[in-house]
There are 2 protein chains.
Amino acid sequence: MPKSDQPKPKKQYHHGNLRQALIDAGLELIAEGHGAQIDLRKVARKVGVSHTAPYRHFADRNELMAAIAEEGLRNLADKVHRKIETVPDDFLSKLEAFAREYVEFAIAHPQLMREMFSGINTDYDAHPTLRQALLYLFEPLVSTLKQSQAADEIAKTEYVHLTLIIWSMIHGFSALVVENYVIRKSLQGTEAIDNMVHLCVQTLYHGLARKDTL
Amino acid sequence: MPKSDQPKPKKQYHHGNLRQALIDAGLELIAEGHGAQIDLRKVARKVGVSHTAPYRHFADRNELMAAIAEEGLRNLADKVHRKIETVPDDFLSKLEAFAREYVEFAIAHPQLMREMFSGINTDYDAHPTLRQALLYLFEPLVSTLKQSQAADEIAKTEYVHLTLIIWSMIHGFSALVVENYVIRKSLQGTEAIDNMVHLCVQTLYHGLARKDTL
DNA sequence: TATAATAAGTTTGCGCTGTAAACATATCGT
DNA sequence: ACGATATGTTTACAGCGCAAACTTATTATA
């Protein structure tokens with residue numbers, strides 16, 4: 001994803017549009033394993049601009065990291081959307097697809113995942129686009145959730161709360177995998193992970209599948 | 001917790017025992033809100049030693065942070081143990097107590113929590129004491145879990161996997177609270193949190209309460 | 001079309017950090 | 001008593017975030 005000349009953001013200045021280039025470079029550095037120790041100067045160097053150029057587009061390091069995290073969130077959401085459309089239209093299938101994609105993304109991009117949920121940045125009252133990205137991520141899950149509630153399949157608890165419960169489980173497992181608190185002993189490899197994701201999903205499903213309110 | 005002269009660690013050198021003093025100072029700095037941005041020099045300054053003194057006790061910054069994280073984990077485990085002994089001896093009660101204490105700790109020490117689970121440090125193959133602390137944290141939960149399995153109350157799935165499922169849910173919710181991804185809209189305050197913890201626990205309990213294997 | 005205003009990028013500089021190396025001193029084993 | 005070793009200090013250096021002053025390209029306006 002090099003400098004794109006899409007209709008939206010900036011015009012054609014010196015660089016093209018540096019803002020996006022910096023975000024992309026940041027994502028690449030993270031992907032290359034440079035860890036959460038990304039610094040403004042490395043990113044600038046990678047793009048080929050001076051080390052203070054980013055300050056024309058981001059107030060400080062935190063704002064760049066927030067933008068990177070937000071882009072990562074959108075990438076995750078895209079991945080989820082793509083997959084979830086291909087599975088049968090029942091709650092369990094959608095839930096399992098959501099969980100599987102989420103965890104898969106976390107394993108594929110551990111450093112990015114860490115950055116995405118490493119706080120401080122999460123001023124998502126200030127940054128409305130971040131809120132938007134979150135809503136986008138959960139949209140397919142919420143939709144099947146409501147459908148399932150209408151069909152008396154799962155508890156009538158507020159869907160926001162149900163979403164949070166599901167997110168907690170999936171995100172928690174992802175976090176523990178990313179932070180290496182899991183495996184080490186078990187079968188290792190993807191097989192054990194897949195099995196665990198299945199267990200988490202089953203627990204969620206049977207825990208939520210009630211006709212009353214929790 | 002100033003410099004202690006317990007029987008275990010080091011003798012009475014120049015400082016007393018600096019290692020523990022550095023860990024304590026680090027915990028205090030984190031508690032004072034200095035965030036995850038703790039640096040070696042501040043910690044050394046706080047203790048009153050030169051800024052390279054820590055290198056006689058920790059190979060690098062990461063090792064100090066790992067030690068701080070480990071101490072934090074033990075504090076959490078202590079808190080859980082203290083509480084869980086006071087509740088009725090049934091699975092649901094113990095589970096709820098575990099969850100409540102875990103989340104409460106996360107809310108009380110968000111920065112520490114972040115540091116404890118911010119990766120890289122988690123070489124808990126290399127550091128056996130960290131593994132020990134983890135086992136200590138989960139010991140009361142595992143114990144009631146096995147008891148409950150024996151009584152045909154919950155699924156006969158491997159207890160390690162069940163523990164991981166429970167941990168995922170509780171830790172995930174804690175993480176989302178710490179990173180400010182939750183609340184903002186809801187009732188705020190501790191009431192909404194308590195309610196959510198209850199929902200998580202209920203979901204876990206009903207999701208796991210089956211006589212077969214998941 | 002010329003030119004002032006402004007947006008985008010650069011250079012320079014400062015204080016801070018992590019950490020390596022050389023040095024100093026207290027403690028302990030012999 | 002004394003050398004070895006553990007502990008702490010001083011000095012030094014490169015890299016970082018960021019502020020300020022400067023340069024250059026773009027845009028708006030006359």
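The sequence lines fix the lettering, A, B, ..., with proteins before strands; numbering per chain opens at 1.
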Self-check item: Length of the CG-P vector between B:Leu29 and C:dT17, whole Å
Solution: 11 Å
Quiz item: Does a side-chain N-to-carboxylate-O contact under 4.0 Å join A:Glu32 and A:Lys46?
Solution: yes
Quiz item: Whole-Å distance between C:dT17 P and B:Met65 CE?
Solution: 14 Å
Self-check item: Given C:dG18, C:dT17, C:dA8, the nucleotide with the shortest approach to the side chain of B:Arg45
Solution: C:dT17
Quiz item: D:dC18, D:dA12, C:dT10: which one has an atom nearest the side-chain heavy atoms of A:His51?
Solution: D:dC18
Quiz item: When you measure from the side chain of B:His57, which nucleotide among D:dT7, C:dG9, D:dG17 comes out closest?
Solution: D:dT7
Quiz item: Taking the six-membered ring of B:Phe105 as reference, does the NZ or CZ atom of B:Lys79 fall below 6.0 Å from its centre and within a 45° cone about the axis?
Solution: no
Self-check item: Side chain of A:Leu40 (C-beta onward), nearest among C:dG18, C:dT10, D:dG17
Solution: D:dG17
Exercise. For A:Asp39 and C:dG18, give me the distance from atom CG to atom C1', rounded to whole Å.
Key: 13 Å
Exercise. Rounded off to whole Å, could you give me the CZ-to-C1' distance for the A:Arg61 and D:dG15 pair?
Key: 13 Å
Quiz item: Backbone N or O of B:Ile84 within a donor-acceptor pair of the B:Lys94 side chain at under 3.5 Å?
Solution: yes
Quiz prompt | Residues, nucleotides or ligands: over 12 heavy atoms within 6.0 Å of A:Tyr159 OH | solution = no
Quiz prompt | Of the listed nucleotides D:dC18, C:dA22, C:dT19, the one nearest the side chain of B:Arg56 | solution = C:dA22
Exercise. List the atom of B:Pro110, the atom of B:Val178, and the distance in Å for their closest heavy-atom pair.
Key: O-CG1, 3.7 Å
Practice problem: Give the rounded distance in Å between these two atoms: CZ of A:Phe58 and P of D:dC18. | Solution: 13 Å
Self-check item: B:Leu18 CG to D:dT9 C1', straight-line distance once rounded to whole Å
Solution: 13 Å
Quiz item: D:dG17, D:dG8, C:dA21: which one has an atom nearest the side-chain heavy atoms of B:Thr52?
Solution: C:dA21
Quiz prompt | Rounded interatomic separation in angstrom, taking CG from B:Leu22 and C1' from D:dT7 | solution = 12 Å
Quiz item: Between D:dG17, D:dC16, C:dA8, which one does the side chain of A:Lys42 approach most closely?
Solution: D:dC16
Practice problem: Could you state the atom-to-atom distance from CD of A:Gln20 to P of C:dA8 in whole Å? | Solution: 15 Å
Quiz item: So, does the side chain of A:Arg41 form a donor-acceptor pair with the base of D:dG15 at under 3.5 Å?
Solution: no
